[in-house]
S.K.: 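If you scroll down you'll find the structure; I have some questions about it.
Every number for a ligand or one of its atoms is a count from 1 in the order of the listing. Just so it is clear, the structure is predicted and the values come from calculations on it, not from any experiment.
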Amino acid sequence: MLGTETQRHPFLQGLSKHRGAPPTAIVIFGASGDLTSRKLVPAIYNLSVDNLLPPDFFLIGFGRKEMADEAFREAMTESVETYSRRELQKDIWERVCGNAFYHAGGYDQPGSYQVLRERIEGIEKDLGREVQTLFYISTPPSVFQPILENLGSSGLARRHRHSGFASKVVIEKPFGSDLESARELNRVITRQFDERQVFRIDHYLGKETVQDLLVQRFANSIFEPLWNRRYVECVQITVAEDIGVGSRGGYYEQSGAMRDMIQNHTMQLLSLTAMEPPVSLDPEAIRDEKVKLLKAIQPLNLGEKDADVVRAQYAEGLVGGKKVPGYTHEDGVAADSATETYAALRLTINNWRWSGVPFYMRSGKRLARRVSEIAVQFKRPPGILFSDAERFDLASNTMVIQIQPDEGTTLLLNSKIPGLETRTQPVKMHFRYRTTYGSNTPEAYERLLLDSMVGDSTLFIRGDETEASWKLISPILERWESFGRQGMESYVAGSWGPLAAERLLWNNRHEWRRAGP
Ligand code: BG6
């Protein structure tokens, strides 16, 4: 168990109270994949630096290709050297590596799971005590089902089921590709595991700023009274990236912005921004409110006239001064691809708090800059005193919660320009993580790995939550599929997206803000 020293670590003082993880063996399926080397292994390293791993911690990489334990450890070390936010400290890392093993096996071969089980039991025997097993599924979705079924039939899913050492399963995105496949995946999971053993990942929930959203909303008394239809004009959620699809063309062709970003990351930002205050910080209390919010969203208008959604693909353009190809010229992308690299939505939330307040969301690749933010735009005061536009340059008060990269919150206010005349201009009040907390904040995966080991599901998606989100998104995808490329807009790489996304807001006399601090 973690000692009292580590229990006091600030990282542990999260949304709910941590008690420390029991002895744990993590089995990573997809051990030679990109996510393992870029995110999971560096996260494990940083947890060990912070003394947050249980003293009895074991790592088993499960993958299809043959690899010796030593080669696996070397690959892990390389990934820490390349991707960790902190320098490699050999003494600490060697302790983790000493307990890391590689297990080659087929995801659909029952025999591999029997051997895995024996291996875990061997660890317990040597240790002289039980360990919990955390199965981290980070493979392509096509093998989710065989892995889950084999975990069930081998008995691995039920190990120590009625103790504090019950197995847990962490499932990476994509969680289904539409409502039906998400439902089916939930059925497969719950045949083998209880919901309390299941941790569906959305790495945005592990971001510090996303967790801070609840603190900013509910630990300050100045915002919550304004957080409703009486004072809020609209809410804009932007998750913009400047990168293209890079080497992931094959994956992205099947996914597109809607499945890759909107259904999960952006919807999570929306539910945390708009949900009602939960009755407690208990995981179920928070997740209940998120589901209620998702269910209150009105089905979108997908008609040809005044539709609530826009989709687009990037065309050749300049990003950061460099010429980049259009989407259909990227590797692994069909020349006549009908996959959207940008999506924007106008949402209506039919509940007491938000009736009549439009929520706009957009996400895309190859946009002008990498920025994720939530902008709550407040109503303007009556135009009685400062209505002369010549003299009074006024902006709507806006609270911008900057998720990344320059984490923090900005409040847009109006102020008198010093001088003998009364002139005004908008000014910004900034709170920056960088200046207040320093720049070395934990990565999302550190938080999420620790929480899953501890069994805290607050920052994970519940089964009904993912279905509620798909229920909204699936009809859009069906509609788009039936249209093929018809209605696909285009935008120049390096711009802020297609003109059609601007039009989405004009009806309400709104416009997208220029995202950024
Ligand atoms: C992933 C998507 O879930 O999130 C990627 O598959 C995207 O396409 C990434 O680039 C963005 O994550 P972050 O943390 O860099 O904003």
S.K.: When you compare the side chain of E443 with that of E446, does any pair of heavy atoms fall below 4.5 Å?
M.R.: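 E446 vs E443: side chains touch.
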
S.K.: Provide the number and element of each atom of ligand 1 under 4.0 Å from a heavy atom of K365.
M.R.: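 Those atoms are 5 (C), 7 (C), 8 (O), 10 (O).
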
S.K.: Could you check whether N264 and R200, counting side-chain N and O atoms only, form a donor-acceptor pair closer than 3.5 Å?
M.R.: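 The answer is no; no qualifying pair exists.
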
S.K.: Could you walk me through whether R432 and T410 pass side chain to side chain donor-acceptor pair (under 3.5 Å), step by step?
M.R.: CA-CA 8 Å; R432 292 269 150 268; T410 297; 2.9 Å; yes

S.K.: Among all protein heavy atoms in this structure, tell me which lies nearest to atom 12 (O) of ligand 1, with the distance rounded to 0.1 Å.
M.R.: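 For atom 12 (O) of ligand 1, the nearest protein heavy atom is H203 NE2, 3.2 Å.
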
S.K.: What's the shortest distance from atom 6 (O) of ligand 1 to any protein heavy atom, and which residue and atom give it?
M.R.: D260 OD1, 2.6 Å

S.K.: Quick one: which ligand 1 atoms are inside 4.0 Å of a heavy atom on Q404?
M.R.: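 Those atoms are 13 (P), 16 (O).
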
S.K.: So if I count the atoms of ligand 1 from 1 in the order they appear, which ones are less than 4.0 Å from some heavy atom of R370?
M.R.: 15 (O)

S.K.: Quick one about R259 and Q254 (side-chain donor to acceptor, distance below 3.5 Å, no hydrogens or angles considered), yes or no?
M.R.: no

S.K.: Are F62 and Y107 close enough that their ring centers fall under 6.0 Å?
M.R.: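 Yes: the rings meet the under 6.0 Å criterion.
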
S.K.: Go through ligand 1 atom by atom and flag the ones less than 4.0 Å from a non-hydrogen atom of K173.
M.R.: 1 (C), 2 (C), 3 (O), 6 (O)

S.K.: Heavy atom under 4.0 Å from ligand 1: found in Y204's side chain, backbone, both, or neither?
M.R.: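 The answer is the side chain of Y204.
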
S.K.: Specify whether Y437 and Y433 have parallel, tilted or perpendicular ring planes, treating 30° as the upper limit for parallel and 60° as the lower limit for perpendicular.
M.R.: perpendicular

S.K.: List the closest protein heavy-atom neighbour of atom 10 (O) of ligand 1: residue, atom name, distance to the nearest 0.1 Å.
M.R.: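 Checked against all protein heavy atoms, atom 10 (O) of ligand 1 sits closest to E241 OE2, 2.5 Å.
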
S.K.: So which heavy atom in the protein is nearest atom 14 (O) of ligand 1, and how far is it from that ligand atom?
M.R.: K207 NZ, 2.6 Å

S.K.: Any donor-acceptor pair under 3.5 Å linking the side-chain atoms of T339 with those of E253?
M.R.: yes

